[in-house]
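Report on the structure given below.
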Amino acid sequence: QKEVEQNSGPLSVPEGAIASLNCTYSDRGSQSFFWYRQYSGKSPELIMSIYSNGDKEDGRFTAQLNKASQYVSLLIRDSQPSDSATYLCAVKGAQKLVFGQGTRLTINP
Amino acid sequence: GAVVSQHPSWVICKSGTSVKIECRSLDFQATTMFWYRQFPKQSLMLMATSNEGSKATYEQGVEKDKFLINHASLTLSTLTVTSAHPEDSSFYICSAGGTATLRQPQHFGDGTRLSIL
C-alpha cells in the first residue's frame, strides 16, 4: 500500500462547478497535511495546509481532514480554467514530506 | 515572493558532464533542505535530505556517489550530478523549510530541468 494515495485522474470539471480532490494516507500518526498545485513544467506551489479534523477554508479552496478515516480532501469552488493543474497531496511524517502521485484536474470552459 | 531560489532553471549538456544545481533559502536559515526528482507525468520522489554541516541522507536506491550534495551554509545547498547520462534527464526540485515545527510547510524552488544529450 502506498503511503499517500490519490486518484491520478484526469478529473474534468465544468467551469464554475466544484472540483473535489481526494487523498488517503497510511500513517495514522501523521500530523500535518498539505495540498500543492503544480502547473505543467513548474514546481509545486503550496495552496492549503490543514492540521486538525474538520474543514479549513481559504477563498475558493476548502481543505477537509478526517484523521479517523485517514482521509484528506480539497474542494475548489467556482472552478476556473486557471485551476487546471496537477494537485499533489502531501503528508508529513517525522520530518519527511510524502507526496501522493497527484490528480490531474482540467476545468472545461 | 519566492522564499527558495534554485539555479539554473534549465541545463542541456553532453553525456559525461557534471552538472551543479544550487538551492538557496532567501528569507530564512535552513539547516535542512530536500532534493527531489520528478520524471514526466510522475510525482515527486525524494532523493536526499541535505543537512547543514553534515552528510546528506540519501533515499534507498539513490547513488550518493552519483548525486553529490553539499550543504555548507545555512542558506545554500548544492546538488551535483556527476558524469550525467541521458537517463539522468529529469526535473530536479529543491525545497526548504518544514522542519522547525510539524506545521511548517516546505517551500519549493522553481526547479531545474536537466537534459543530457
Side-chain angles (χ1 to χ4, degrees), chain A residues 2-10 21 23-25 27-53 56 58 61 63 65 67 72 74 85-106, chain B residues 1-10 21 23-24 30-52 54 56-60 62 89-115:
Chain A
K2 291 181 182 177
E3 293 182 68
V4 180
E5 293 208 50
Q6 295 180 254
N7 187 324
S8 60
L21 305 163
C23 172
T24 58
Y25 59 95
D27 183 358
R28 190 170 284 278
S30 300
Q31 297 293 319
S32 304
F33 308 87
F34 306 92
W35 283 99
Y36 287 84
R37 177 176 61 199
Q38 186 176 25
Y39 292 114
S40 181
K42 302 294 185 181
S43 68
E45 171 193 11
L46 179 68
I47 54 172
M48 287 288 286
S49 58
I50 188 166
Y51 315 106
S52 305
N53 280 328
K56 178 182 177 182
D58 183 0
F61 298 98
L65 174 61
K67 289 186 178 180
V72 59
L74 179 70
T86 296
Y87 288 80
L88 300 167
C89 172
V91 177
K92 195 167 187 179
Q95 190 180 38
K96 288 191 298 187
L97 200 59
V98 180
F99 286 89
Q101 67 268 42
T103 298
R104 190 155 53 94
L105 173 66
T106 300
Chain B
V3 296
V4 177
S5 171
Q6 188 172 342
H7 177 80
S9 57
W10 195 290
I21 303 169
C23 181
R24 295 180 185 273
T31 55
T32 304
M33 293 185 179
F34 302 91
W35 287 96
Y36 294 84
R37 179 169 54 183
Q38 186 177 37
F39 292 108
K41 299 192 186 302
Q42 295 186 25
S43 190
L44 281 75
M45 295 302 297
L46 180 65
M47 298 176 65
T49 302
S50 172
N51 304 299
E52 188 269 334
S54 65
T57 305
Y58 290 83
E59 295 300 301
Q60 191 173 9
V62 177
S89 299
S90 188
F91 191 42
Y92 292 84
I93 313 172
C94 72
S95 73
T99 56
T101 68
L102 278 174
R103 296 190 173 194
Q104 185 188 28
Q106 284 184 21
H107 294 281
F108 289 85
D110 288 339
T112 297
R113 190 160 302 282
L114 177 62
S115 296

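Just so you know, these numbers come straight off a predicted model, no measurement behind them. Quick note on labels: first sequence line is chain A, next is B, and so on, each numbered from 1.
Listed by chain and residue number, A:R37 satisfy the side-chain hydrogen bond (donor to acceptor under 3.5 Å, both in side chains) test with A:E45 (two or more places apart in sequence, or in another chain). Applying the ring-ring contact (aromatic ring centres under 6.0 Å, His included) criterion to B:Y36, with sequence neighbours excluded, gives A:F99, B:F108.
Under a 3.5 Å cut-off, the side chain of B:S43 and the backbone N or O of A:G102 do not form any donor-acceptor pair.
Atom OG1 of A:T86 sits about 8.0 Å away from atom CD of B:Q38, to the nearest 0.5 Å. A distance of 10.5 Å separates CZ in B:R113 from OG in A:S43, rounded to the nearest 0.5 Å.
For CZ of B:R37, the number of neighbouring non-hydrogen atoms (other residues, nucleotides, ligands) closer than 6.0 Å is greater than 12.
Residue contact with chain B, scored on non-hydrogen atoms closer than 4.5 Å, involves the side chain of A:Y36 exclusively. Residue B:Q6 does not touch chain A at all, counting heavy-atom pairs closer than 4.5 Å.
Among all heavy-atom pairs drawn from B:F91 and A:K42, the shortest one is CE2-O, 3.5 Å.
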